[in-house]
Amino acid sequence: MYDFRSNISAIIYYSVAAIIALIIFAIDLKLPLGVADGSLYAGLALLGLLALSKNLIILGATTGTALTIAGYFFSPAGGEDWKVLTNRGISILTIWIVALICLKKRKADAELQKAHSSLESKIVERTKSLRDTNIDLKKKSNYLLLHKNIVEKVNENTNIEDIFHYCLKQICSLANAQVGHLYLSEDRYSGRLLPQKIWHIENESEFQSFKEITERHIFESGIGLPGRTHEIRRSIWIEDIGQDLNFPRRINHEGSFSVKSGFAFPIFIGNKVTGVMEFFFNKQRESDSELLDLMEQTGVQMGRALERRFHEEDRDKILLSLKERVKELTCMSGVAKLVTVGQTMDEILSAIGNFIIPAWQFPDLTLTRTVFNGKVFGNKTFPPVPWVLSTDIVVNGKTKGQLAVCYSDKPSTGAQVFLDEEINLLNWLGQTLSHTASRLENANDLKNSNTELRSLYTKLENVREKERTRIAREIHDELGQALTICKLDLTWLRSKTLDSSNEVEIKLKAMMKHMDTTLEELNRITSELRPHVLNVMGLFEALKQETEKFINLTGINGEIFLSEEIPALHPDLSTLIFRVYQETLTNISRHSNAKNFQAQFTKNEDLLILIIKDNGKGIETNKIYNSNSFGLTGMRERVKEWGGEFSINGAPGKGTQVSIKVPLLYNIHGQNE
């Protein structure tokens, strides 16, 4: 730019220099040469120095030199020529020395001025840099303070909504934003963002319309400011919302829009985005990269608060689930014990409600009803409500009843009314009751069948015993009598044929011998069918004779101890004990390879105890309850029919022991029956 003031100043200095030169030249022309010289012209150089003009210094020195020389020719004569020339030369030298000094001075001043200007420029620049640094430091200090405050708030054991409110307020204050708002993922980490009713607004009336629009907008990933932030996983700044084509809240809004600029940052849990915080200004604002970087760090801190809340929610859910599972397991355990010890379905179904009701989420509202075989257990009727679960009770393929659970009123919770685990528990209860009912029905059928079989077996044994007695009696009475008569006839015939031939004698002797053998065999058969001694002399004598007969027939040594405390017994009980003893001796002879045996028949209060031991090879375990062991099965059933206990055990090489315990039943002709 042209500087008029500098140009005017130069004209003035040149004009003054010209006037001074003319004045000095006029004086030089008036004075004689011996008096005047050109030293005064050095003032022109000094004037150039004063003007800070290099050109004026040189021009002044040149002009002074020229006028000094001109004065030599035009000044009045005086003095010697050599002195005059010397003075004029010294004057010219003085002029140029002064001029050189002025040039040096001017150059030094210029350099000093330049250095001063450079220093001032550096000072100004440094001052500006320090001011910018202070501003930046203050800004970063505010950022660090915000980060510190948020970290402290996040780590406090406070409500998550309070933390969000605090962070919105702090960030709005730092960024001078007028609006702050929160979006969270619908399902923690999904791309669908839902608006939260968590705001910080400086002026509610100014942004009321924007708030209402925002709370109606749900964003998918990539849509709108929250969606874009979620998609790119970085902070975003919009300098001019009015020009942004991906801002649905402005596009769907008619009239002026209250927010002009805005930014948002993602909230991270690990590497997943779970929410977005957005902030808005009522004026356009340029992007602040440092603020955005800080916001990304803040998003990580906010994520930690959310993660803690998620962990707390998960913990609460797990604790609640464990509590419910404990209730369900308690129910299952109680029902399992109930169906184990319960003798009838009526007994089980009458008590099962006590286990079911505490297992449900809301015991105070829970009602149970079980219908089985036309009977109703628990609540007779249910109120007309929709919250009912039921399962069938199926017995051997046929539906015999139903187990139902209902709530008398709707639970005051937004959770699922009936849990999946409760549905599974009810199904398990239905299956358990079905299996139990089937088992009890089958057990009852089996018990009835066993009772019938045992009764039939007892009848068969009684019939067989009676038949044995009848046959033994008929053989003994009829056949024995007939054989005796035949023997008498043979004896008479032999007495009448004493003089007969030897052949007749021999034949009669043989017939007599055969008749005796037949009578002995007849006695043996009748004894096995029904020992005559058992009826005549009693159980003790029958046991003794059976023992002696067994020893004589088998060669196995043995003895029997009979307690004198045992009174006369009921005939049927005597028969039972004798048959068990007889069967046991038969098994010893057939299977044990024993050399000795011992038997004890004693009384203990109202119990009769018979124990028979041998020293044989010992019965094998798999044969004790072998269905093909008819002898053992028969003894076991005989004893059981009398309400007694039958046991048999053995060890390899250590023999076998048979024990029976039966209640004492006296002879009808004894003390009592």
Where do [X] and [Y] come nearest, in terms of heavy atoms and distance?
| X | Y | result |
| --- | --- | --- |
| Ile393 | Ser434 | CA-OG, 3.4 Å |
| Phe355 | Ala351 | CD1-O, 3.6 Å |
| Ile619 | Asn649 | CG2-C, 4.1 Å |
| Leu573 | Pro663 | CD2-O, 3.9 Å |
| Pro383 | Ser408 | CG-CA, 4.1 Å |
| Thr391 | Leu426 | CG2-O, 3.4 Å |

Can you tell me if [X] uses its side chain to pair, donor with acceptor, with the backbone of [Y] under 3.5 Å?
| X | Y | result |
| --- | --- | --- |
| Ser333 | Leu329 | no |
| Gln402 | Ser390 | no |
| Asn593 | Lys617 | no |
| Lys327 | Trp360 | yes |

Is any side-chain heavy atom of [X] less than 4.5 Å from a side-chain heavy atom of [Y]?
| X | Y | result |
| --- | --- | --- |
| Ile352 | Leu433 | yes |
| Glu559 | Gln598 | yes |
| Asn396 | Asn442 | yes |
| Glu441 | Lys400 | yes |
| Ser350 | Phe377 | yes |
| Asp409 | Val385 | no |
| Ile560 | Phe597 | no |
| Ile588 | Leu585 | yes |

* side chain to side chain contact (heavy atoms under 4.5 Å, CB included) between Ile356 and Leu403, worked out -> CA-CA 11 Å; Ile356 295 177; Leu403 171 63; 3.9 Å; yes
* Trace of the side chain to side chain contact (heavy atoms under 4.5 Å, CB included) decision for Thr656 with Ile648 -> CA-CA 7 Å; Thr656 303; Ile648 179 170; 3.8 Å; yes
For the atom pair [atom1] ([X]) and [atom2] ([Y]), what is the distance rounded to the nearest 0.5 Å?
| X | Y | atom1 | atom2 | result |
| --- | --- | --- | --- | --- |
| Leu184 | Leu194 | CG | CG | 8.0 Å |
| Gln600 | Ser563 | CD | OG | 10.0 Å |
| Ile577 | Leu610 | CD1 | CG | 7.0 Å |
| Leu607 | Ile660 | CG | CD1 | 11.0 Å |
| Met345 | Thr436 | CE | OG1 | 6.5 Å |
| Ile357 | Asn379 | CD1 | CG | 6.5 Å |

* To do: Flag the pair Glu161 and Arg309 as a salt bridge only when some basic side-chain nitrogen lies within less than 4.0 angstrom of an acidic carboxylate oxygen.
  => yes
* **NZ/NE/NH1/NH2 to OD/OE distance under 4.0 Å, Arg304 and Glu307** => no
* Steps toward side chain to side chain contact (heavy atoms under 4.5 Å, CB included) verdict (Thr602, Phe561) -> CA-CA 8 Å; Thr602 59; Phe561 171 77; 4.1 Å; yes
* So, do Phe601 and Tyr581 have ring centers that fall under 6.0 Å from each other? -> no
* Distance-only donor-acceptor check, side chains Ser659 and Gln657, under 3.5 Å -> yes
* List the steps, then state whether side chain to side chain contact (heavy atoms under 4.5 Å, CB included) holds for Val405 with Leu429. => CA-CA 11 Å; Val405 176; Leu429 290 169; over 6 Å; no
* Could you tell me how the ring of Phe310 sits relative to the ring of Tyr189: parallel (under 30°), tilted (30 to 60°) or perpendicular (over 60°)? => perpendicular
